[in-house]
Amino acid sequence: MPWRGPLGGDPLETLPGPSNPWLACDGSGNDRTGKPGENDPKLPDFPVPDEGSIGIDWKKIGVGVGMVVAGVLVIVAAIVGALAVAATLPATATGAAAAVLVAIVGSMLAAGGSILMGAGGATIIGGIDPKISDYKKHVPAVPMRKLALPGDLPPAVATFMQSAAEIERLSTAETDIIDHARAAAKANDKSWTELHLRDLWHVQNAKQHFVSTLSGALREINAAFGQDFDQHHVDPQEPVRDLINPLIEMRATLNEVASISSAEVNGILATVRVPSPMSEAIDTSVRKFATQAKGQPSEMVNIAADQLECLDVIDHEAFGRKP
């Protein structure tokens, strides 16, 4: 039983059976219910060719897109508000020390934002027609990404990086568990359905904990460095693909501090460059939030923290509960 621990919360002694509508994911719930809030990211308009041919869990998609957009906001704030600022600080002993620290924080924010985008992508996958045949086994514990953090890193930055890595790890496990649970439900195997739902409960409660921790860490980082970030401003009309493009100059740094491979960087660039419902939704959301922040990187970080703080990553419907 790999997914057990102090963050598990309610062990759910009685779980709903395979007839639970959340487990069906048969396409009957493809219509989006409710109006999005004013500060919600725009959801991608995924085409559904035949009604019922593909199941879409729009709540899960919304959580994933929220994480992706928050990750983009953090990356943009890091590039414009930290790395660009570090290059212009005074060339004095104090200024050099400050520049190094701001540059380190900027690199960490860019790395953490990239990891968060990956976690959001994994979450989105779990919301689109999960299918798997071999469900009669527990999803093994997913190893956490290897981090190489400097020993004198500010505590809030270290917490931010560690939380981002945990969220990515748990998001991957969450999607795999959802695939297994829905496959078991389709096979009317109540025993395995319940076992996978128990694992899902523990994973999602842990993920909710780290999302909240990451949001708090972002606010602490902003309180300490926000004034430095705001020496430069983001142009709200600039496309996201251009704002994020400097990541190509950071491949070595991202790989060193957070094991982010060139393939992952390419995936991030493809997400925002390749014309698609997803890239359009990200671009629209980031433009809106950059305008709302008046181009101030510190405000964009605050908006990212707000987005994460509002996320409810637990699939209450899966456990027969109301949110």
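Atom set for the values below is all heavy atoms of this structure, side chains included, hydrogens, waters and symmetry mates excluded. If you read the sequence from its start, that first residue is 1, and numbering goes on from there.
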Close side-chain approach of [X] to [Y], heavy-atom, < 4.5 Å:
| X | Y | answer |
| --- | --- | --- |
| Ile178 | Asp315 | yes |
| His138 | Ile177 | no |
| Ile124 | Val65 | yes |
| Phe225 | Leu101 | yes |
| Met117 | Met67 | no |
| Asp283 | Pro239 | yes |
| Lys136 | Asp189 | yes |
| Leu73 | Val301 | no |

Do the charged groups of [X] and [Y] touch, with an N to O distance under 4.0 Å?
| X | Y | result |
| --- | --- | --- |
| Lys288 | Asp40 | no |
| Arg145 | Glu168 | yes |
| Lys137 | Asp134 | yes |

Between [X] and [Y], which heavy-atom pair has the shortest distance, and what is it?
| X | Y | result |
| --- | --- | --- |
| Ile79 | Leu243 | CD1-O, 3.7 Å |
| Ala258 | Ile115 | CB-CD1, 4.0 Å |
| Leu308 | Val211 | O-CG1, 3.3 Å |
| Phe229 | Leu109 | CZ-CD1, 3.8 Å |
| Ser107 | Leu254 | O-CD2, 4.3 Å |
| Gly112 | Met161 | N-SD, 3.7 Å |

Residues forming a side-chain contact (heavy atoms from CB on, under 4.5 Å) with Asn255, sequence neighbours excluded: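 With neighbours one apart ignored, the set is empty.
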Ser262: partners by side-chain contact (heavy atoms from CB on, under 4.5 Å), with sequence neighbours left out: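 In terms of side-chain contact (heavy atoms from CB on, under 4.5 Å), with neighbours along the sequence ignored, Ser262 is linked to Arg251.
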Let me confirm one number: the [atom1]-[atom2] distance from [X] to [Y], rounded to the nearest 0.5 Å.
| X | Y | atom1 | atom2 | value |
| --- | --- | --- | --- | --- |
| Arg287 | Asp235 | CZ | CG | 8.5 Å |
| Gln307 | Leu218 | CD | CG | 12.0 Å |
| His196 | Arg198 | NE2 | CZ | 12.5 Å |
| Leu195 | Lys190 | CG | NZ | 10.5 Å |
| Glu256 | Leu149 | CD | CG | 11.0 Å |
| Thr253 | Met108 | OG1 | CE | 9.0 Å |

Arg219, CZ: over 12 other non-hydrogen atoms inside 6.0 angstrom: yes
Main chain of [Y], side chain of [X]: is a donor-acceptor contact present, judged purely on distance under 3.5 Å?
| X | Y | value |
| --- | --- | --- |
| Glu249 | Pro246 | no |
| Gln208 | Leu311 | yes |
| Thr291 | Pro236 | no |
| His180 | Asp176 | yes |

Polar contact flag, side-chain donor to acceptor under 3.5 angstrom, Ser298-Asn222: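 Ser298 vs Asn222: no donor-acceptor pair found between side chains.
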Side-chain H-bond candidate by donor/acceptor type, Thr123 with Lys60, under 3.5 Å: no
Cluster link Ile248 to Val272, ILVMFWY, side chain under 4.5 Å: yes
Stepwise side chain to side chain contact (heavy atoms under 4.5 Å, CB included) test for Leu200 and Leu197: CA-CA 5 Å; Leu200 184 64; Leu197 285 178; 4.2 Å; yes
Stepwise side chain to side chain contact (heavy atoms under 4.5 Å, CB included) check, His233 with Val80: CA-CA 7 Å; His233 281 63; Val80 175; over 6 Å; no
Intermediate values then yes/no, side chain to side chain contact (heavy atoms under 4.5 Å, CB included), Lys207 and Ser171: CA-CA 7 Å; Lys207 180 176 175 178; Ser171 296; 3.1 Å; yes
Steps toward ring pair (Phe, Tyr, Trp, His ring centres under 6.0 Å) verdict (His316, Trp201): CA-CA 9 Å; His316 300 275; Trp201 174 259; 7.6 Å; no
Side chain to side chain donor-acceptor pair (under 3.5 Å) partners of Ser276, counting only residues at least two apart: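 By the side chain to side chain donor-acceptor pair (under 3.5 Å) rule, Ser276 matches Ser279.
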Step-by-step side chain to side chain contact (heavy atoms under 4.5 Å, CB included) determination, Gln204 to Glu174: CA-CA 7 Å; Gln204 290 190 334; Glu174 173 190 30; 2.7 Å; yes
